[in-house]
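Step one of this worksheet: look at the structure below.
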There are 2 protein chains.
Amino acid sequence: MSIDIYVCWTVERRSTKGRLDMRVTKAQAEQNRAHIVATASRLFRERGYDGVGVAELMAAAGFTHGGFYKHFRSKADLMAEASASGLSQTVARAQGLDPAEFVERYVSREHRDGRSDGCTIAALGGDAARQPADIRTEFAAGIENLLTALQSQGDTPGDADQRAARMMVIDMLAHSVGAIMLSRACPDGSPLADEILDVCRKEILASLAQVNSDQLAASSPET
Amino acid sequence: MSIDIYVCWTVERRSTKGRLDMRVTKAQAEQNRAHIVATASRLFRERGYDGVGVAELMAAAGFTHGGFYKHFRSKADLMAEASASGLSQTVARAQGLDPAEFVERYVSREHRDGRSDGCTIAALGGDAARQPADIRTEFAAGIENLLTALQSQGDTPGDADQRAARMMVIDMLAHSVGAIMLSRACPDGSPLADEILDVCRKEILASLAQVNSDQLAASSPET
DNA sequence: GCAATACGATGACGATCGTAATCTAAAAAG
DNA sequence: CTTTTTAGATTACGATCGTCATCGTATTGC
């Protein structure tokens, strides 16, 4: 997943150092741009929007800071794009998972401890709330996409109460996000951090199971 | 609530401008320090730890930035103190509320739209995860205090399964925090933002009611 | 092939960042 | 009363911030 196929020809290029300045194919440039966005998405998740500067970001992608504004109109623009990229990655990973499977992976120590490769909502949701409208719009779209992805795999095949399924998924997502964020706010080896995760995973799965059994009961006419 | 009794003698003082530099009572200094912490707690909640500089912070409190290091060893120190202050405010407000009352106030539009006066966990939890250990320790302590405050008012009077009550409160808190953060990440007038809040409030209250009825059923010996 | 284009490097800009030294005068200590 | 202490203002440090101007060159459009 998220293989990051980007071959580091740029490093080679920069190793030639001094004066061998060479221009780059249109396709290469596009690829470079995508690589910058991917790098930004990772770095922002790790240290927050304000925690990474343009220069450091470009350096991490294998470039100098000068070329930045050939690709993006501002840092805020990149923030929006990197957010969208990260969010769609989360959506892609949720595809084909039923809610219980999603929760099992989402509310886990591995996810909590892997900020840079984890869910953008959990990593940057708190920061996004303070950002301009276009970034929050990306978040809303990402959340909406995640909802439909999770709903499509739900156990409600198809009838009028897809509304109930949507409600269930919204609630489950908020619950899972809250569990991760609360756990991450605690010190690293903290017992409370693990307790929060374990308790919430159990409770969320239980409430999913209960919804399913309610549905079963509703579908059988008697008792 | 949180009346901010701090009388603005400092403004008067600063209006005297130029050369009337006067020293301040030990009690005044202590009061000033507390005021700086309170101002920082509010500003940090509004704009994040990285979103407010020392100079702006001191100016907001009515001082120049020079005196800062007479009160705090570093900005990180103030961040820890401001966090602790904000967290204990949240705990104080939760005192005497049963879980349902807490949820009703917490998972609300008023709370979501009032970042600077709202819960520190919801406002800075995402940022805290990226901060040094001492700040996360403050958060863990604050969360623990909030848990006991909410548990003390729960409907479980006192027996061996206080563990169940604790689990319930942990789960409810993570759920509520997630709802607020998710809603805040959406654009200002967004329907999704309100939908998340409404759905989650309803579901959290429902699950609280169910826990209560389960308890009732368990306490009565037959059926 | 020639001219125009544009990616990326280099360097610099004003502003702001966290931190610190210096100074002043009144409160605290004696 | 004299001395010491210290809260807070002023000023300044070096680093970093986001942004931009300049330039060179290889790619692109003709």
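Just so it is clear: chains get the letters A, B, ... in the order the sequence lines come, proteins before strands, and each one is counted from 1.
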Is there a residue in residues 73-86 of chain A whose heavy atoms reach under 4.0 Å of DNA chain C, and which residues are they? none
Using a distance-only test with no angle check, is there a side-chain donor-acceptor pair under 3.5 angstrom linking A:N32 and A:H71? no
To the nearest Å, give me how far apart CZ (B:F72) and P (C:dA20) are. 15 Å
Between B:R130 and B:D50, is the closest basic N to carboxylate O distance under 4.0 Å? no
Would you mind checking if B:R109 and B:D113 are paired as a salt bridge, meaning a charged N to carboxylate O distance below 4.0 Å? no
Could you go step by step and tell me if B:E110 and B:R105 meet the salt bridge (Lys or Arg N to Asp or Glu O under 4.0 Å) rule? CA-CA 8 Å; B:E110 296 77 41; B:R105 303 190 189 192; over 6 Å; no
Strand contacts (DNA chain C) in residues 126-136 of chain A, 4.0 angstrom heavy-atom criterion: none
Quick one, A:E144 with A:R166, criterion salt bridge (Lys or Arg N to Asp or Glu O under 4.0 Å). Give me CA distance, side-chain angles, the key distance, then yes/no. CA-CA 10 Å; A:E144 202 67 70; A:R166 179 179 167 86; 2.5 Å; yes
Counting just side-chain N and O atoms, does A:H71 come under 4.0 Å of either OP1 or OP2 of C:dG8? yes
Whole-Å distance between C:dA28 C1' and B:Q28 CD? 15 Å
Quick check on salt bridge (charged side-chain N to carboxylate O under 4.0 Å, His left out): which of A:R45, A:R42, A:R93 does A:D117 satisfy it with? A:R93
Interatomic distance where CG belongs to B:D50 and P belongs to C:dT16 [whole Å]: 17 Å
Does any N or O in the side chain of A:T39 come within less than 3.5 Å of the main-chain N or O of A:A61, such that one atom is a donor and the other an acceptor? no
With heavy atoms under 4.0 Å as the rule, sort A:G53 into base, sugar-phosphate or nothing. sugar-phosphate
How many Å lie between NZ on A:K70 and C1' on D:dT19, as a whole number? 12 Å
Report the distance from atom CE of A:M58 to atom P of D:dG18, rounded to the nearest whole Å. 12 Å
C:dT19 P sits how many Å from B:L57 CG, rounded? 12 Å
I'd like to know if A:H65 reaches the base of C:dG11 with its side chain, counting only an N/O donor and acceptor under 3.5 Å. yes
Nearest-angstrom distance from the residue atom CD of A:E30 to C1' of D:dT27: 15 Å
What is the distance, rounded to the nearest whole Å, between atom CZ of A:F68 and atom C1' of D:dA21? 17 Å
Using the side-chain heavy atoms of B:Y69, tell me which of these nucleotides is nearest: D:dT19, C:dG8, C:dA20. C:dA20
On DNA chain C, check which nucleotide each of A:A29 and B:V54 is closest to and give me the residue with the more 5' one. A:A29
For the CD atom on A:E30, are there more than 12 heavy atoms of other groups (residues, nucleotides or ligands in this structure) within a distance under 6.0 Å? no
Check the pair A:R136, B:D188 against salt bridge (Lys or Arg N to Asp or Glu O under 4.0 Å), reporting the backbone distance first and the verdict last. CA-CA 8 Å; A:R136 304 230 291 283; B:D188 267 340; 2.7 Å; yes
